[in-house]
2 protein chains.
Amino acid sequence: MSLSDNKKRITIKDVADVAGVSTQTVSRVINNFSYVSTDTRQRVKGVIEDLGYLPSMLARSLCQQRSYTLGVVVYGLKYIGPSQALNGIAEAAEKLNYMVLMKVLDEYYSTKDVKSVIDSLISRHVDGIIWTAPEIDESHAWLKYLLDSIPVPINFLAMVPREGLLSISLNNYEGAILAVQHLLDIGRKKIAHISGPLTWWVATERKRGWRDTLEKEGLSVPDHSCTEGNWSLTSGKRAFLQLYEAYPDMDAVFVANDQMALSVLREARRLGINVPEQLAVVGFDNIAESAFFCPSLTTVSQDQQLIGEVAVNSIIEMIQAEQENLALVDAHSRFITPTLIVRESSGSFD
Amino acid sequence: MSLSDNKKRITIKDVADVAGVSTQTVSRVINNFSYVSTDTRQRVKGVIEDLGYLPSMLARSLCQQRSYTLGVVVYGLKYIGPSQALNGIAEAAEKLNYMVLMKVLDEYYSTKDVKSVIDSLISRHVDGIIWTAPEIDESHAWLKYLLDSIPVPINFLAMVPREGLLSISLNNYEGAILAVQHLLDIGRKKIAHISGPLTWWVATERKRGWRDTLEKEGLSVPDHSCTEGNWSLTSGKRAFLQLYEAYPDMDAVFVANDQMALSVLREARRLGINVPEQLAVVGFDNIAESAFFCPSLTTVSQDQQLIGEVAVNSIIEMIQAEQENLALVDAHSRFITPTLIVRESSGSFD
DNA sequence: CTGAAAGCGCTAACAC
DNA sequence: GTGTTAGCGCTTTCAG
């Protein structure tokens, strides 16, 4: 390394000294605050340029009690959905000049982990927190104990709506209705379901949409017309075989995610079942592979990127409001609308 | 919200006052530093507990000139590979008590964006930077101009090794050799290649491995035996059709990533080409779908998670060394070894 | 328009 | 063992 490594940080004081003004004036220049004579302003700007001065956001955060940083708690990053949401969050934050401090929660996190994650974010003075870990079983029980001690707004993704809390989710119920109604529309009557793990709120919502749509149509919904998977390819295969045995005369299946649905398509082929003639299949998520499978998969599309972006905008809006002491924006639950993408697996052949 | 929102932050001074000691003593307690009488220590701990005091990492960072924060610059987060690497980074950082400040680079970033990203990281006093954006074309040209002004260590992922710089990559060359040698071992002689975009360093490495292995075997490598894709499913299809026309008597194809390889399998089926009898196919990356395709895909596995973890460990090692003024650990290029996973698409039928 | 003083929350260095 | 002083790099408040 031929670095001339000027390890020492250049401070506002250095700039002030060289420019022959007070640090205050430099501060005014970098913040475009109040009046500084055009003359001094130019001089100071020149010095900043020459010295390559970079204001310390750390120091600024400390004295302003505001960090322009969002804490983002991530879960399941190794899967494509969460990482797209994170991408949306990061891009939206960037756009609004916020930074993202990231924390990951491992698969089996406990309330204790929650506390330590939140504490570490608070100790870094984040202005707000985005909680992307979906609600599973008792995963959000900590709200009762911990929420009061969290001094910044939090926005929750994929959480059961709660009075007074900011949250944003895909409208999974509506998505399921779209899927099942479509299957009804193409004339199917015996529509099975492979659900996600029913400890997940989103899985129960999708199942509820399936059941309600069938019942509204006056169709029976026998117990054996639904099996439970765990989102994975393997579990999709297992669930389908089970279903195939228990409900052999089904003519369609609505699968709670695309991974499992692709497994279904694969198994169906292996078993010589014709898709969509004998069995129509609809998935959920619209992952990249779905368009490319043989046959291509009809699915409900959820825009994770968008969910992330909206999450950021909502929480920053709330932060701004608190900051400016406006009437506090009231926390609300927001839902993103999914769309149906019809492909070969349910009868379209284009 | 029934929050008793104690908005004001509790400081070390509050604790000191209540406990009847100096802030210094509190500081010593929370850092487990030097000697504090067991008596005072207990008392202080009690007060900390009662007040729910949380030390400010911000203030600590400022006065220690050390933030225990890593800046991570991410590219292509919407794809599965980068997000797994990020996951590895986040988990490893967590384990070593570092936080992750994340910045995203969009698809068409310029040197100007690079400067602003780095500046914003520096202004937040990160202790080191992990640059995950792979080397593409002139994407790293900024090193010449900007590197000298960056006061912290940087670790680059998937970059052409450079003297004096810390970097870590998968050994793509070796991975390609594994793949092609395997195809030779099962008796194939006319092995085609679908490369990634050759502006990407990793793509050129994989191609080089393919070519070298064939030439070493004394086989000819005609120009028309290789076409170029852009990693996507669509481009894989296009590249394969092109290849099929230009080189109809090939008996195997090594594809630079799994997405494109899956497209190849799909097209092969459509064209009535038997895999692996007529055409053996090997991919690269080992994405989840590869094991589940019909036929399942032989592929080179790269452990992105591991790459992320190693990246963190390397850079933190370097940070520690600088911090303790040890003989500076010299920057090095490290390579992770890939492994071959043989499946049906190259002749194994288990 | 500009500067001086105080302070954000903490720790390093030194006293006692 | 414990307290005091100074200072990290910046902004806020108040004088001029």
Side-chain angles (χ1 to χ4, degrees), chain A residues 7-44 47-48 51-69 119-120 122-127 151 323, chain B residues 7-45 47-48 51-69 119 122-127 151 323-325:
Chain A
K7 285 291 178 188
K8 250 187 73 63
R9 193 175 196 97
I10 291 148
T11 74
I12 197 171
K13 178 133 197 338
D14 298 327
V15 176
D17 288 352
V18 175
V21 295
S22 74
T23 61
Q24 196 37 235
T25 301
V26 179
S27 174
R28 287 183 183 110
V29 170
I30 58 190
N31 293 297
N32 285 316
F33 260 5
S34 65
Y35 301 99
V36 180
S37 73
T38 333
D39 199 44
T40 359
R41 163 158 274 129
Q42 288 315 322
R43 187 154 35 92
V44 172
V47 175
I48 287 177
L51 264 43
Y53 165 70
L54 219 50
S56 161
M57 286 306 288
L58 249 197
R60 184 178 290 172
S61 298
L62 192 61
C63 74
Q64 285 194 148
Q65 302 291 61
R66 178 107 192 255
S67 64
Y68 291 91
T69 302
D119 280 355
S120 83
I122 302 297
S123 80
R124 242 75 176 201
H125 297 226
V126 296
D127 294 335
Q323 199 62 213
Chain B
K7 284 296 178 186
K8 249 186 73 65
R9 194 178 195 94
I10 291 149
T11 74
I12 197 170
K13 180 135 195 337
D14 299 326
V15 176
D17 288 352
V18 175
V21 295
S22 74
T23 63
Q24 196 39 234
T25 300
V26 179
S27 173
R28 290 199 265 256
V29 170
I30 60 190
N31 292 297
N32 285 317
F33 260 4
S34 64
Y35 301 98
V36 180
S37 73
T38 332
D39 197 47
T40 6
R41 162 159 275 130
Q42 288 316 322
R43 187 153 37 91
V44 170
K45 278 193 168 162
V47 175
I48 287 177
L51 264 44
Y53 165 70
L54 219 51
S56 161
M57 285 306 288
L58 249 196
R60 184 178 290 172
S61 298
L62 192 60
C63 76
Q64 285 193 152
Q65 303 290 60
R66 179 107 193 256
S67 65
Y68 290 91
T69 303
D119 279 355
I122 302 296
S123 81
R124 243 74 176 202
H125 297 226
V126 297
D127 294 335
Q323 198 62 213
E324 298 164 25
N325 261 320

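Below, read A as the first sequence line, B as the second, and so on, with proteins coming before strands; counting in each chain starts at 1. Hydrogens, waters and symmetry mates play no part in the numbers below; they use all other heavy atoms, side chains included.
- Here D:dA6 presents its P atom at 15 Å from CD of B:Gln24, a figure rounded to the nearest Å.
- Applying the 4.0 Å criterion to OP1 and OP2 of C:dC1, one finds that A:Thr25 has every side-chain N and O outside that range.
- Taking side-chain N and O atoms only, A:Ser27 has a distance below 4.0 Å to OP1 or OP2 of D:dT11.
- The CD1-C1' distance, from B:Ile10 to C:dG9, rounds to 13 Å in whole Å.
- Residue A:Ser56 places no side-chain N or O under 4.0 Å from the OP1 or OP2 atom of D:dC8.
- Rounding to the nearest 0.5 angstrom, the gap separating the CD1 atom in B:Ile12 from the OG1 atom in B:Thr23 is 5.5 Å.
- Using a 4.0 Å heavy-atom criterion, one finds that B:Thr40 contacts the sugar-phosphate atoms exclusively.
- Put simply, A:Thr23 has no side-chain N or O that comes within less than 4.0 Å of OP1 or OP2 on D:dT11.
- Taking for each of B:Gln64 and B:Ser37 the nucleotide of DNA chain D with the nearest heavy atom, the 5'-most of the two is the partner of B:Ser37.
- Atoms NZ and CD, on B:Lys8 and A:Gln65 in that order, are 8.0 Å from each other to the nearest 0.5 Å.
- The listed nucleotides are D:dG3, D:dC8, D:dC10; the one nearest the side chain of B:Val21 is D:dG3.
- A straight line from CZ of B:Arg60 to P of D:dG9 spans 18 Å, rounded to a whole angstrom.
- Contact annotation: B:Thr11 side-chain N/O to C:dG9 OP1/OP2 distance is not under 4.0 Å.
- What separates CD of B:Gln65 from C1' of C:dA12 is a distance of 12 Å, to the nearest Å.
- When distances are taken from the side chain of B:Arg28 to each of D:dT11, C:dC10, D:dT2, the shortest belongs to D:dT2.
- The interatomic distance linking A:Leu58 (CG) with D:dG7 (C1') rounds to 15 Å, in whole Å.
- Summarising the geometry, the separation between CD1 on A:Ile122 and C1' on C:dG9 is reported as 16 Å, rounded to the nearest angstrom.
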Full working for side chain to side chain contact (heavy atoms under 4.5 Å, CB included) between B:Asn32 and B:Arg41: CA-CA 9 Å; B:Asn32 285 317; B:Arg41 162 159 275 130; 4.0 Å; yes

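- With hydrogens and angles disregarded, a donor-acceptor distance shorter than 3.5 Å links the side chain of A:Asp14 to the backbone of A:Thr11.
- For B:Arg66 and C:dA12, the CZ to C1' distance is 16 Å, given to the nearest whole Å.
- Atom C1' of nucleotide D:dC10 and atom OH of A:Tyr53 are separated by 7 Å, given to the nearest angstrom.
- Looking only at distances, a side-chain donor or acceptor of A:Ser67 sits under 3.5 Å from a matching main-chain atom of A:His125.
- Nearest nucleotide to the B:Ala59 side chain, out of D:dT2, D:dC10, C:dC10: C:dC10.
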